[in-house]
Structures are given as structure tokens and as C-alpha cells.
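Supplied in C-alpha cells, the structure appears directly below.
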Amino acid sequence: MASKLEALQHWVNDVAALTRPAHIHWCDGSDTEYQSLVRQMLADGTLIELNQQTHPGCYLHRSNPSDVARVEQLTLVCHPEQEDAGPNNHWMAPADAHAKIDALFDGCMEGRTMYVIPYCMGPIDSPLSRCGVEITDSPYVVANMKIMTRMGAAAQARIEREEAFVKGLHSTGELDPERRWIMHFPAEKSIKSYGSGYGGNALLGKKCHALRIASNQAREEGWLAEHMLIVGIENPQGETHYIAAAFPSACGKTNLAMLIPPEGYRQDGWKVWTVGDDICWMRPGTDGRLYAINPEAGFFGVAPGTSNSTNPNALKSVSHDTIFTNVAVTADNQPWWDGLPGEPVTDWQGRPYDPANGPAAHPNSRFTVSAKQCPTWSEKAEAPQGVPISAIVFGGRRPSLLPLVMEACDWTHGVLMGAAMGSETTAAATGAVGVLRRDSMAMKPFCGYHYGDYFAHWLSLDKAGAKLPKIFHVNWFRKGADGKFLWPGFGENLRVLEWMIERVKGTARGVQTPIGTLPARNELKLDGLALKPGQIDELLAVDNAGWQAEIEAIGEYLESFSPRLPERLRQERQRVADALDADATSPRTATA
């Protein structure tokens, strides 16, 4: 098979001339093709068959031990002008970048098959979707792209019809960390990745296309490409409100996307629908509302910590037809990681498990699975027009200061909330504990252009006729004096989401504070929660002096993006600072 689109065919020919593969295979995305690739990888050891009685259709891949995560320091955003990449990105001049990586691609596929993967990010017939073509020499990448995107003949037909696509060139190369680059060329809508076979470095439809390239494309075309989950909350009256939420890592993003309502809520008829767990593309509709699609077709989730107690829906999702990467295995050949029952006998590198060698499953071990296998998957995930977003939620892991939930005064204040968000480091990460790391909109590793311009683009959506969603900030991780979490989290977070929905509908009045609107007394439903007296007051307390220091620190952070920091955002920060100063003589506490 070849392409009727001359530009696509020429590019494939040029790549073949550079990389010199033994064979070229145009992927059609069929199940027959997938099974053929699986058989091939089982034969050469790329995949290992897991217990087909307990996990039918499931396989294990062990990556090179030096190739187990995204490599931010080797990830470049190559705008023609360095200033456009911003201080939030690593940059190289496009001509220099092409020359450096093309030298690595020269002859790199000799003796290998070159796979041409046409794919669509989003429902195949959605006007919000965008297409790409990834060329790779990795059958593992092809199999994962089959799960993670709408890949194959239908995507190629759309590409040939629209005559537009993102070019992605990938080779595992020698898997040498010293010869590894992930390069993005936003002006050309192209990606080049060499020397890694891992996840976001190699599945170019994911972070590379759907965030770094798409965020820049979204700015040009008037929409948003965001690192957000999309979840639908259906109340007992049958109304569903869709919420998009951005969190840095280790803040419960996947758990929220697949949330299970507490027992009392389930009995009352509340339901939660999963549209997406990682990426959200939002575009203004003709009615002024933001409509969102999940550009992905699957989940590429972190395995450790996924258990029946934390996320039973995710665990059910991966019970069949799943590719696991860098997990351990049990004596009867079932996948294993921290959080699962049983004992590992073989670690993620294929060695007999020995605690002295570290965790049995790599901390960043993964599962790749179709989103449709999730018990709470929503058919609306395939809706061409997307789902209307009622609320946008930002969050972070903050042991103090940030209340359980607060609502922005307006869109500009909400953008400030998102720009300021971050998490304090824990003992799970290397380096100092308790250090606040800002991660604006959870996009620090993924924004494909200058953060100052990105904030300005967010602000630009607030225009005449816009009916924008309300913006909230949550903090599930506030701790008491004893160092224990004050809020139970997990399914109980639905109580907070219910209050948000009531604010959207205008049925909750809230309490105004200098930092935003908080729940008024008795507005958060706490029936059945074993909270100590005063615990909810502590969760919602506003420490004026602490917030004055925080808003000062936010200002210092934002100024790191000068001179491109929007003046409107600078003024909004000053407005909050002034409100805190005015309120300093009467620090208040909002209580539920």
C-alpha cells in the first residue's frame, strides 16, 4: 500500500532514502495486522506472553534499563526563534537540530522494517480531531499506537482528504542514552525522535503530537490542547456535567478520571463516566461553550499503586488485551506491581526478584489498554462534537495553605490559579523534600511554546459571546498537625465535585474570600465521613499571612516569563494581593 497524497508519499520516500530499511510496511490498523505483530514480537522476545487464563491477550515488554521514562533534558522545542520556545523549554535552532538528528537517522533502519503509521488523534469523524503519520522501526510502537490512537486505513483516508498531517519520524536506534533526542518543530508540525523505545519518547501521537505540537497549533487556530482528564458526573436527575482537570504527577489524576462514587452516592443514583484520563482538546462551540474531546483512544497508565483499593476500574480495564511494560511477574506468570496481592518472582528486568535490586516492578512501569475496556468508559468519548465542559479544575499536592476547594472569581482569576499551581516534593522523589515546584496548568513538560504566550492564549478565550466554564482549584492533600491527611480523597472527592456542579447551576451560594469562593457552612455533604470536630474548618481555613507570602512568590514566578507575561495576569495577581492586604485585619475561615 502507498498513499495517493503526493506530499505523504514523497516524505515516506525521503525517509526511506535516509534510513535505508530492508522493508516498508504501511499499517492498516486491522486486528489481523496487530496479531501478526504480536506473533512476531513473541518470536523475537520483544514481548513475553503472560498467563492467558487469568489475563487473556496480555503481554509483557521489558525495555532497556536505560530507557524507562521521558527524558526532559533531551526533549527540544525547535521554534525558528529561541524566544518563542520560552524558558519553559529546551531549544535548538531548527537547522542545527535537523542536522544533528538526521546524522543519527542515516542508515539506522538497515536490516529493519520501516512501519508507516497513519493515525487520528480523536474520533475519526470529529472536526476537532487532527491527524498524523508516524514512521518507526519498532513493532512495539506500532502495537501501542494501534491501542492509543485511531490508526490505519480510516486515518489515512482522512489525511488524503484533508491533505494535512503531523510528520513523526522515530527510530529506536541503538538505545544509547548518549545518542537520544526527542525534537519538535512546531512551525513545520513535525517530530523527530531517536534512541528511545519508551512511551512518550516513542509513541509520537501522545505527548509529542497531542500536547507539544498541538498546543502550538491550538494557539494558531483558537483552541486549547491540555494535559487534562475529562470526566462526566451524572446526578440522580440524569443530568451529566463534564469536568476537565489538570494535576501534576502523583496527584490522583487517573483515580479521578475513573472515580467510583461513595456507597451513599451510588445508592442515590450518582454515576461517573470516563471520557479521558490524560489529554483534553477544547474548542469554543457555536454557543460559546467549550467542547472537549479526548484525542487518545487508550490509556498509557502507571501501574504501581493501581489496585482494587485505589482504582478498581483501572484494574478491571487491564484484565485482558493489554500490553504491560516493565512490570514484574508472579510464579504463575501474572503481571505484578506494588499494590497487587501475591508475590513477584521475576523483576522488571527479568531477574529473579531480590529486594536488594530495588522494586520488583519499575516505579514508572506502564499498561497500554483500550479506553473502551474501562467499566466507566463513556460513549460520549466518540461524539464528534465533543462534550460541553461545565468546569475546569486545577490541583496540586500541598500539605498546607491551599484549601480543599476554591472557585475563581472569573476567568482571569482562574488562569492565575492555573498558572500558579504546583506540588511540594515528597520522599518519593529525588532531592529535597517539601520544595514547591510550580507546574502551570500541569503543562511544564508539554507546552510547545513560551509560557507567557500560553497564558495570553488562555486569557484570549474570554471574549464577547463566550460562555466559559467556571474554574476551581482543589487540594486533596492538606495535612493536620499530626502529619495525616485531613481529607479521605479517592471516591469521597465526588462530594467536592458535587459542590462545584451546584456552583455551576447556581444552587450553592459559597463564601467569598480574597482567594476565591469557598463552600459555605453545610454546603459540602459530609454524611458518612468520619471527620473529627473542626477538621472541615481546617480544610477550608484561609491563612491570610500565609497567602500574602504565597501571592508574593507567585508574582516572582510569573515574572520569570517577562517580558511576555500578560499585563492582565500581572494585574490580577496584584488585585488578589490587595484583597489580602485589605482583609489582613480580619482573617476569616470559611466552614462547610
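Keep in mind that this is a model prediction, so the values were computed, not measured. Note: hydrogens, waters and symmetry copies are ignored here, and every other heavy atom, side chains too, is used.
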(request) Please determine, by modelled atom types, if Asn88 and Tyr454 share a side-chain donor-acceptor pair under 3.5 angstrom. (result)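 Short answer, no.
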
(request) State whether a side-chain donor-acceptor pair under 3.5 Å links Trp273 with Glu234. (result) yes

(request) Check each of Ile293, Leu290, Val387 against Met282 using the side chain to side chain contact (heavy atoms under 4.5 Å, CB included) test, and report the only one that passes. (result)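 The side chain to side chain contact (heavy atoms under 4.5 Å, CB included) with Met282 is passed solely by Leu290 among Ile293, Leu290, Val387.
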
(message) Tell me whether Lys253 contacts the main-chain N or O of Asp278 through its side chain, where contact means a donor paired with an acceptor under 3.5 Å.
(response)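 Yes.
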
(message) Any side-chain to backbone donor/acceptor pair from Arg495 onto Asp527? Under 3.5 Å, distance only.
(response)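 Flag set: sc Arg495 to bb Asp527 pair under 3.5 Å.
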
(request) Indicate whether any N or O donor in one side chain lies under 3.5 Å from an N or O acceptor in the other, for Trp91 and Asp84. (result) no

(request) Ignoring hydrogens and angles, state whether a donor on the side chain of Arg219 or His457 is under 3.5 Å from an acceptor on the partner side chain. (result)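 No - no donor-acceptor pair under 3.5 Å links their side chains.
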
(request) Mind checking side chain to side chain contact (heavy atoms under 4.5 Å, CB included) for Ala408 and listing every partner two or more places apart, or none if nothing turns up? (result)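 Ala408: side chain to side chain contact (heavy atoms under 4.5 Å, CB included) contacts with His413, Met417, Ile471.
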
(request) For the pair His209 and Trp281, name the ring-plane relationship: parallel under 30°, tilted 30 to 60°, perpendicular over 60°. (result) tilted

(request) Please work out whether the ring planes of Tyr451 and Phe455 are parallel, tilted or perpendicular, with thresholds of 30° and 60°. (result) parallel

(request) Using the test salt bridge (charged side-chain N to carboxylate O under 4.0 Å, His left out), find all partners of Lys525 that sit at least two apart in sequence or belong to another chain. (result) Glu498, Glu502

(request) Apply salt bridge (Lys or Arg N to Asp or Glu O under 4.0 Å) to Arg509 and Glu407, showing your working. (result) CA-CA 11 Å; Arg509 62 183 177 85; Glu407 178 195 331; over 6 Å; no

(request) In plain terms, say whether Arg564 and Asp453 are close enough for a salt bridge, that is, a side-chain N and a carboxylate O under 4.0 Å apart. (result) yes

